[in-house]
Peer 1: 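Take this structure first; my questions come after.
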Number of protein chains: 2
Amino acid sequence: MRLEDLPGRPCSVAAALNLIGEKWSLLAVREIAFGNKRFDAIARNTGAPRDRLAARLRALEAAGVITRRRYSEHPPRYEYELTEAGRELRGVLTALRAWGDKWAIDAPPPTAFEHGCGHDLDPVMTCRHCGEEIDPDDLRVRVTATGWTRQGPLPRADPAR
Amino acid sequence: MRLEDLPGRPCSVAAALNLIGEKWSLLAVREIAFGNKRFDAIARNTGAPRDRLAARLRALEAAGVITRRRYSEHPPRYEYELTEAGRELRGVLTALRAWGDKWAIDAPPPTAFEHGCGHDLDPVMTCRHCGEEIDPDDLRVRVTATGWTRQGPLPRADPAR
DNA sequence: TACATCGGTTGCGAAATCAAACTAACTCGG
DNA sequence: CCGAGTTAGTTTGATTTCGCAACCGATGTA
């Protein structure tokens with residue numbers, strides 16, 4: 001993706017959404033990550049219309065997020081797998097799931113994961129360098145294409161309101 | 001959001017995407033997180049069509065992600081701010097940006113952040129309990145609504161391919 | 001023979017999206 | 001006072017995408 005081809009601020013978030021931001025794309029990735037490799041299972045578990053799903057799977061393949069492998073000739077049958085890029089998308093899914101658990105549903109989380117350490121997964125974003133939990137209020141913009149964002153600290157939560 | 005109202009697997013990821021998965025929504029949140037509170041700035045920096053942006057901002061407000069505050073009567077003028085839910089979305093943006101930096105663009109990251117510890121931000125998702133980096137291959141599905149996913153380990157990366 | 005499975009494609013109407021123009025109420029400079 | 005600019009949208013009309021249902025062909029199963 002060429003950043004210049006995106007409207008607005010040159011930004012990896014926009015570039016990422018260009019690849020995986022269409023409706024059903026991330027849910028398809030979720031299903032494949034769950035081990036559901038086949039078209040029918042992905043369609044059933046996401047609820048996506050079959051024609052839209054077919055289009056999304058092609059786009060995800062073109063984006064390098066999944067591969068399509070024929071496991072039968074006559075009739076041709078395919079299964080989908082995550083590429084390295086697709087596998088790394090699971091982190092995005094984890095962040096989204098954590099947010100959704102907290103803010104998008106009123107019931108307890110419908111899906112939980114057990115981490116290798118034996119406890120239920122409770123993900124935290126940390127700084128690889130210092131190991132501390134990342135407080136987004138504690139970040140400064142360091143580099144951007146000129147003209148798009150002034151350098152300096154990001155706005156903080158305003159405790160007055 | 002009632003999970004029963006979603007098509008497919010009951011899932012917080014789907015519920016989250018229902019709130020913030022439409023086109024331009026996350027980019028609008030990104031801009032507000034950057035401190036751009038006004039309609040025109042958000043429109044300019046995202047590249048979103050103004051009518052779409054107006055619709056998205058209303059939807060984000062209804063979803064509880066942003067607030068709309070009048071800063072002028074006559075003419076009525078508004079500015080947008082993140083709610084607590086919106087501020088916690090910054091973690092999703094961080095995950096998405098990290099993925100996009102690596103997989104969605106060919107150039108070096110257009111935006112970097114400096115963490116409080118003095119180094120460039122390099123986010124890692126860790127387990128709150130044991131502090132270890134989360135390897136998505138090291139997760140087992142612990143609970144889901146019955147019928148949707150067998151319990152047990154998730155498929156691993158297949159080293160044979 | 002009849003039906004089910006699988007991985008789609010096709011056709012079609014409904015809905016969402018887009019760029020551009022327009023509105024309305026102000027402010028500022030001269 | 002005049003004209004230009006700012007701000008936050010709304011309107012318009014064309015384009016694109018979406019969602020649904022039906023269909024298809026090759027095979028396997030009862």
Side-chain angles (χ1 to χ4, degrees), chain A residues 4-9 14 17-29 31-32 34-63 65-82 147, chain B residues 5-9 14 17-29 31-32 34-63 66-82 147:
Chain A
E4 308 83 52
D5 298 335
L6 295 168
R9 178 199 298 280
L17 289 173
N18 223 269
L19 297 182
I20 52 136
E22 286 163 305
K23 201 165 180 182
W24 307 116
S25 291
L26 270 181
L27 296 186
V29 170
E31 284 310 311
I32 301 173
F34 272 143
N36 293 309
K37 300 163 181 270
R38 319 268 255 241
F39 188 91
D40 265 25
I42 301 171
R44 210 172 24 252
N45 292 341
T46 57
R50 304 170 67 79
D51 61 334
R52 291 296 90 209
L53 181 60
R56 287 302 151 264
L57 291 172
R58 295 298 173 285
L60 288 171
E61 192 190 7
V65 171
I66 63 176
T67 56
R68 189 202 202 204
R69 199 165 59 87
R70 189 170 49 246
Y71 68 90
S72 147
E73 329 266 339
H74 298 295
R77 289 287 175 271
Y78 303 92
E79 53 187 24
Y80 298 94
E81 278 169 30
L82 299 182
Chain B
D5 298 336
L6 295 168
R9 177 198 301 279
L17 289 174
N18 223 273
L19 297 182
I20 51 135
E22 285 164 305
K23 200 166 180 182
W24 306 117
S25 292
L26 271 181
L27 296 186
V29 170
E31 283 311 310
I32 300 173
F34 272 142
N36 294 310
K37 302 160 179 273
R38 319 268 255 240
F39 188 91
D40 264 27
I42 302 171
R44 209 172 26 252
N45 292 341
T46 58
R50 305 171 69 81
D51 61 334
R52 291 300 87 209
L53 180 61
R56 289 301 154 265
L57 290 171
R58 295 300 174 283
L60 288 171
E61 190 189 10
I66 62 175
T67 57
R68 186 198 202 210
R69 201 164 59 86
R70 188 171 48 247
Y71 69 89
S72 144
E73 330 265 338
H74 297 296
R77 289 288 176 268
Y78 302 92
E79 53 188 24
Y80 298 94
E81 277 169 31
L82 299 182

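Sequence lines set the chain letters: A, B, ... in the order given, protein chains first and strands last, and positions in each chain run from 1.
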Peer 1: Once you apply a heavy-atom cut-off of 4.0 Å, does B:Arg56 come out as touching a base, just sugar-phosphate, or nothing?
Peer 2: sugar-phosphate
Peer 1: Between A:Trp24 and D:dC18, is there a contact of a side-chain N or O with OP1 or OP2 at under 4.0 Å?
Peer 2: no
Peer 1: Report the nucleotide, chosen from D:dC18, C:dG8, D:dT10, that has the shortest atom-to-atom distance to any side-chain atom of B:Ala54.
Peer 2: D:dT10
Peer 1: Check if the side chain of B:Arg50 and the base of D:dA8 share a donor-acceptor pair of N or O atoms closer than 3.5 Å.
Peer 2: yes
Peer 1: Using the side-chain heavy atoms of B:Asp51, tell me which of these nucleotides is nearest: C:dA19, D:dA8, D:dC18.
Peer 2: C:dA19
Peer 1: Nearest to the side chain of B:Arg58 - C:dC18, D:dT17, D:dG9?
Peer 2: D:dG9
Peer 1: So, OP1 or OP2 of D:dA8: does either fall under 4.0 Å of a side-chain N or O from B:Tyr80?
Peer 2: no
Peer 1: Side chain of A:Arg38, base of C:dG7: donor and acceptor closer than 3.5 Å?
Peer 2: no
Peer 1: Under a 4.0 Å N-O cut-off, is there an ion pair linking B:Arg9 with A:Glu31?
Peer 2: yes
Peer 1: Look at the side-chain N and O atoms of A:Arg69 and state whether any lies under 4.0 Å from the OP1 or OP2 oxygen of C:dG7.
Peer 2: no
Peer 1: Is the shortest side-chain N/O distance from B:Lys23 to OP1 or OP2 of C:dC18 below 4.0 Å?
Peer 2: yes
Peer 1: With a 4.0 Å cutoff (strictly under), does any side-chain N or O of A:Arg68 reach OP1 or OP2 of C:dG8?
Peer 2: yes
Peer 1: Which one, C:dT17, D:dG9, C:dG7, comes nearest to the side chain of A:Phe39?
Peer 2: C:dG7
